[in-house]
Each structure stands twice: as structure tokens, then as C-alpha cells.
Amino acid sequence: MLLARLAQVSREVAAISARSRKTALLAELFREAEAADVPVVIPYLAGRLPQGRIGVGWKVLARPVEPATEPTLTVREVDVRLTRLAAVSGAGSQAERTRLVGELMGAATADEQRFLVGLLTGEVRQGALDAAAVEGLAAATGAPPADVRRAVMLAGSLQTVAEALLADGPDALERFRLTVGRPVLPMLAHSASSVAEAVGRLGAAAAVEEKLDGIRVQVHRNGDAVRLYTRTLDDITDRLPEVTAAALALPGERFILDGEVISFDEGGRPRSFQETAGRVGSRTDVATAARAVPVSVVFFDALCVDGRDLLDLPLTERHAELARLVPEPARVRRTLVRGPAETGAAEEFLAETLKRGHEGVVVKGLDAVYSAGRRGASWLKVKPVHTLDLVVLAAEWGHGRRTGKLSNLHLGARTADGSFAMLGKTFKGMTDALLTWQTGRLRELAVEEHGWGVTVRPELVVEIAYDGLQRSTRYPAGVTLRFARVLRYREDKRPEEADTVDALLATHPEAAP
DNA sequence: TTCCGACAGTGGGGTCGCAAT
DNA sequence: ATTGCGACCCCACTATCGGAA
């Protein structure tokens with residue numbers, strides 16, 4: 001199959017909005033593909049490379065290459081070239097990668113170049129990724145979509161399921177069962193603005209669990225063999241010997257547990273997310289990193305115990321299995337509420353959790369099964385939200401559906417001398433109407449136009465929600481906002497009334513530089 | 001030889017609009 | 001009405017390469 005055909009379908013998929021039509025177009029393409037093309041065509045149309053990221057980013061792709069006039073590249077040839085690219089390493093590798101990318105782009109037509117750039121940067125922007133590819137695959141093979149989705153979650157890989165399905169038909173799906181040693185996409189949580197809202201939305205008995213601000217980890221143990229996986233199923237076993245040891249110390253031989261890796265200081269208080277994440281990210285000298293920032297694992301769910309698949313059991317039963325296996329300190333603290341009438345107890349638990357230095361709570365329906373790979377409606381996280389009145393210093397032009405709109409705002413707080421110190425940026429929380437309004441307003445205030453956007457007179461006050469402060473080497477105050485988003489503009493406020501850096505630092509003494 | 005800047009890839013994420021249910 | 005998905009982009013951190021000191 002020619003790459004040109006994929007590029008064409010991707011363009012068509014992007015141009016229509018009906019999801020059913022997107023699925024139909026993908027299904028048609030999957031049916032056309034020869035067996036040998038499938039391991040490439042499926043991931044490409046889901047917007048990812050079979051090789052994963054291969055060390056090619058915007059910088060290398062920014063060099064313009066004269067496109068070919070006729071499409072000649074086949075998807076398999078592209079795959080071979082990218083495999084070769086992924087293998088390049090060591091001295092001179094950057095130049096070699098650039099050369100190989102240039103060669104590939106030179107063999108591609110303009111349309112194919114656009115598709116390849118999207119694929120290599122992970123930004124295909126066709127409004128259809130994994131979920132659409134799963135639906136398309138189901139439609140192409142006649143397998144029930146729900147079964148295909150489940151197999152993908154259990155295999156942790158769309159590609160594997162696609163190959164089996166196209167080779168052996170719908171019966172192949174039965175092969176994908178929960179297996180110790182093979183990672184499963186983890187269940188994720190939605191947000192709620194308060195404990196009362198969360199408990200109310202569940203409307204039934206719920207567990208309220210502490211939410212630790214660390215790195216999600218899935219722990220597999222089969223006898224003496226332990227493997228650790230991240231949220232995206234990367235194998236991080238070698239980086240976390242403490243977690244492996246903890247798993248081996250448990251009184252079970254074959255299990256899969258879900259938990260959080262986090263570092264506690266000598267006093268038992270959680271270290272900042274930055275410290276934990278830095279430790280988990282350290283690969284080259286694990287022993288030194290482990291001495292400086294030792295980590296613990298705290299479990300909150302059991303997917304498999306004694307080789308028994310627990311995914312379809314209610315949380316109550318999974319937790320009973322977890323409690324049987326994992327002693328108290330290595331299990332998240334939790335409390336139970338029987339329903340909305342007991343919201344008070346949940347609020348009290350949240351307050352205690354925050355006092356211990358944790359991030360918030362997750363409220364979970366006790367009857368809910370483990371929805372692997374989904375953002376289940378039965379897990380609701382609740383974190384305290386802070387707000388600030390900040391001043392817009394500049395704004396950047398948006399992309400995609402925000403093309404032509406000033407989107408990403410540069411946010412400043414007042415300093416002692418009356419100037420403004422930038423604290424970070426945000427593009428979140430804006431409706432289309434707000435984008436339109438702020439584009440007009442900011443152009444009125446513009447003092448300088450740049451390729452990337454405009455700088456403005458610091459006059460417009462905006463109310464910003466954020467989750468906390470992080471240390472920063474990038475911004476002048478030495479801190480930046482975590483997860484900043486727009487709540488509303490405060491045209492009733494003058495910039496002199498905006499919040500100050502000093503007040504902000506006083507509110508978060510633990511993050512102050 | 002050592003240092004440092006640039007780039008890539010990882011982790012953490014909230015909110016909106018739209019299609020489908 | 002509600003749910004699921006994709007798009008919109010942020011932050012810090014580590015690893016690596018390649019050129020400067």
C-alpha cells in the first residue's frame with residue numbers, strides 16, 4: 001500500500017466531523033491493506049509509530065525538503081526507513097538522523113510530507129486516534145467494537161490486536177486475557193470540584209482514598225520476576241529497585257497491583273512532585289539517585305491476585321484481595337461513606353489528607369469494576385483549587401481550530417517595584433466566544449507584534465485557577481503555576497489590584513525559592 | 001577534558017466542543 | 001443530559017549530542 005493512500009485518508013478523516021464517517025473511512029482502508037501492511041497501517045492511522053518516538057522532532061523536520069512529484073513510497077518502505085532511523089545513535093547521530101529524514105522527505109510528495117511530519121511529531125490532528133482506529137478495526141473485521149476495545153486494553157497495544165484479528169478473525173480476541181507480566185492500560189479518574197459533588201455524582205456508597213502526588217505504577221510479580229510499568233506502559237523496573245523489593249516482600253507469588261510511587265522525607269512527609277518525578281526519571285545512576293531520593297510504593301488496587309483476574313469484580317472485592325496481600329502502610333489510607341448523607345466524613349478525611357501533605361482524594365464507587373484504559377465515571381479526584389488575579393503580558397497565536405485566535409496567555413503577577421513578573425502561560429478554560437473576545441481585546445492592547453503572537457500593555461486582569469506552585473528556573477520569581485487555567489476576565493479590576501508575587505509566595509511557603 | 005545549550009522524550013495535567021448515546 | 005474522545009497546549013525533569021571553553 002502506498003503512503004499516499006494513508007495521507008489521503010488522513011486528510012479526509014480530518015475534513016469531516018461525523019465520527020461514524022471517520023470510522024467508516026478507516027475501516028475501508030484497513031480492509032484494503034494486505035496482511036503485511038497491517039502492522040504499519042493501523043498504528044499510522046492511529047497517529048503513532050510502531051517504533052515509538054525515534055529521536056526526530058520539530059527541529060529536524062523544520063528543514064524544508066523539495067517534495068517528490070509522484071507518490072512512490074510504500075508504507076512498508078517507510079517503516080523500514082524509520083526502523084533504521086530509530087537505530088541511529090552515538091557520535092554523529094544527529095547529522096545522520098537529519099540526513100535520513102531528508103532522504104525520506106525527498107521521496108515523499110507534499111501531501112505525504114504533511115502526513116509524515118504529523119506522525120513524527122505525534123500531532124496528526126485528524127480528530128481520530130486510538131479510539132477511532134479501534135472502531136474502524138472492528139468495522140473492518142466484523143468483530144464487536146467492545147470486544148476489540150477490551151482486547152486492546154488487555155494487550156496494551158492496538159497493533160498486536162489488529163494483527164491477530166486480521167489474521168485469525170474475531171475468535172483471536174479470546175487470546176487477549178489478563179496476564180501477569182503483560183501490562184494493562186490503567187484506569188483513570190475524572191475530576192470533581194468538591195467532595196460533596198463527587199459523592200453526590202456517585203450517589204451510592206463510596207471509598208474516599210488519599211491521592212498521592214507521585215508517579216502511577218503497575219506492579220507485576222510472577223514468582224521471583226517483578227516488572228514495573230508506567231501509565232503509558234513503559235517498563236521502568238530497572239529504575240526502582242525499592243519497589244521491586246517491596247513487591248517481592250509481599251506474601252503472594254502471582255499478582256498485578258496498581259499504585260503510586262512517591263518519595264517521603266525523613267519525617268514521613270511527601271516530597272514535592274518534582275523530586276519524585278526526577279528520581280523516577282533517573283536512569284543512568286540509579287544507586288546514587290536512590291540514596292538521594294528513596295521512593296516508596298503505595299498500592300490502591302488489585303487487578304490480579306494468585307493468578308486470578310479481578311478486573312470485573314467490584315472495587316469492594318478487589319480491595320479485599322488487596323488488603324489480604326498488602327499490609328497497612330503500603331496501602332493508601334481510605335475511608336468509606338455510605339452515601340451523600342455522609343459527605344461530612346469524606347470532607348474531614350480530605351482535610352486530614354491535605355494536612356499530611358498530600359494532593360487530595362479520589363472518591364470511588366464501591367460497585368465499580370476496573371475499567372482498564374478508560375477514564376471511568378466512578379473514580380473522581382478532588383483537589384483544592386487556588387485562584388489568582390493576574391495580568392496578561394502577551395499572547396501567542398493558536399493552531400488547529402484556534403488558528404487566527406490569540407490563545408496561549410503569558411501571565412504576570414505584580415512585583416514590589418510595580419512591574420510584572422511572568423509566572424507562566426495558559427491556554428486552558430477558554431470557550432470559543434472568550435477566544436474571540438480576547439483576541440480583539442488583546443490586539444487593542446498590543447504594543448508589539450511578533451511571529452508567535454503579541455506583547456500587550458499590562459492592563460487586562462484575568463482570574464486564574466491553579467493547583468499549586470512549582471519551583472522554576474525559567475521564570476523570574478523562581479516559581480511557576482501548576483496547571484493554570486482561565487476562570488474569567490476581571491474587567492472590573494485594574495492591574496494595580498492584581499495579586500503580587502510576594503503574596504503568592506507567602507501562600508505557598510513550601511515552594512518558595 | 002569539562003562545561004553548557006539545544007533538543008528529544010518522559011512524567012504530571014484541565015477544559016472545551018462535538019458526536020453519539 | 002451525559003459520556004467519550006481529541007484538540008488545545010502548559011510545566012519540570014533527565015539524557016544525549018555537539019560545539020565552546
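Lettering of chains follows the sequences in order, A, B, ..., and the numbering in each one begins at 1.
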Output for pair (A/Met430 CE, A/Leu435 CG), nearest 0.5 Å, gives 6.0 Å
Base, sugar-phosphate, or nothing: which does A/Lys22 touch, judged by heavy atoms less than 4.0 Å apart?
-> nothing
Rounded to the Å, how far apart are A/Met187 CE and C/dT3 P?
-> 13 Å
Position toward the 5' end of DNA chain B (nearest nucleotide), A/Ser20 or A/Gln94 = A/Gln94
Residues in side-chain contact (heavy atoms from CB on, under 4.5 Å) with A/Ala138, at least two apart?
-> A/Pro145, A/Val148
What is the per-nucleotide protein-contact pattern of nucleotides 7-12 of chain C, from the 5' end, where B denotes a base atom under 4.0 Å from a protein heavy atom, S denotes such proximity for sugar-phosphate atoms only, and - denotes neither?
-> SBBSSS
Exercise answer: donor-acceptor pairs, residues 384-398 of chain A side-chain atoms, under 3.5 Å, sequence neighbours excluded:
{"from": "A/Asp389", "atom 1": "OD2", "to": "A/Lys493", "atom 2": "NZ", "distance (Å)": "2.8"}
{"from": "A/Glu396", "atom 1": "OE2", "to": "A/His410", "atom 2": "NE2", "distance (Å)": "2.6"}
{"from": "A/Glu396", "atom 1": "OE2", "to": "A/Lys425", "atom 2": "NZ", "distance (Å)": "2.9"}

Heavy atoms under 4.0 Å, any strand shown: does A/Gly52 hit a base, just sugar-phosphate, or nothing?
-> nothing
Nucleotide C/dC13, atom C1' - distance to CZ of A/Arg271 in whole Å | 16 Å
Sorted by position of nearest nucleotide on DNA chain C, 5' first, the leading residue of A/Gly90 and A/Arg375 is A/Arg375
Touch class at under 4.0 angstrom, heavy-atom based, for A/Val280 against every strand present = nothing
Within the structure shown, what part of the strands sits under 4.0 Å from A/Lys405 by heavy-atom distance: base, sugar-phosphate, or nothing?
-> nothing
May I ask you to decide if A/Ala189's main-chain N or O and A/Arg375's side chain share a donor-acceptor pair within less than 3.5 Å?
-> yes
At under 4.0 Å between heavy atoms, what does A/Ala131 touch on the DNA or RNA strands: base, sugar-phosphate, or nothing?
-> sugar-phosphate
How would you label the contact of A/Ala91 with the nucleic acid (heavy atoms, under 4.0 Å): base, sugar-phosphate, or nothing?
-> sugar-phosphate
Check for a donor-acceptor pair, side chain of A/Gln470 on one end and backbone N or O of A/Ser272 on the other, with a separation under 3.5 Å.
-> no
Rounded to whole angstroms, how far apart are CZ on A/Arg201 and P on C/dT2?
-> 10 Å
Counting any heavy atom closer than 4.0 Å, what does A/Ala132 reach on the DNA or RNA strands: base, sugar-phosphate only, or nothing?
-> sugar-phosphate
Cation over ring face, A/Arg482 and A/Phe273, 6.0 Å, 45° = yes
Using a 4.0 Å heavy-atom cut-off across all strands, classify A/Ile464 as base, sugar-phosphate, or nothing.
-> nothing
Which one is paired to B/dC7, where only Watson-Crick or G-U wobble pairs with both distances under 3.5 angstrom count?
-> none
Would one find more than 12 heavy atoms of other residues, nucleotides or ligands at under 6.0 Å from atom CZ of A/Arg48?
-> no
Taking for each residue the nucleotide of DNA chain B bearing the nearest heavy atom, is the 5' side occupied by A/Arg482 or by A/Met430?
-> A/Arg482
Between CG of A/Asp238 and C1' of C/dT14 the distance, given in whole Å, is 16 Å
Who pairs with A/Ser89 by side-chain contact (heavy atoms from CB on, under 4.5 Å), at least two apart in sequence or on another chain?
-> none
With sugar-phosphate meaning primed atoms plus P, OP1 and OP2, does A/Asp234 contact a base, only sugar-phosphate, or nothing at under 4.0 Å between heavy atoms?
-> sugar-phosphate
Spacing between A/Arg97 atom CZ and C/dG18 atom C1', to the nearest angstrom | 12 Å
Heavy atoms under 4.0 Å, any strand shown: does A/Val486 hit a base, just sugar-phosphate, or nothing?
-> nothing
With sequence neighbours left out, what residues match A/Arg182 under salt bridge (charged side-chain N to carboxylate O under 4.0 Å, His left out)?
-> none
Hey, where on DNA chain B does chain A first and last touch, going 5' to 3'? Cut-off is any atom under 4.0 Å from a heavy atom.
-> B/dC7 to B/dA20
Is the number of heavy atoms from other residues, nucleotides or ligands within 6.0 Å of CZ (A/Arg21) greater than 12?
-> no
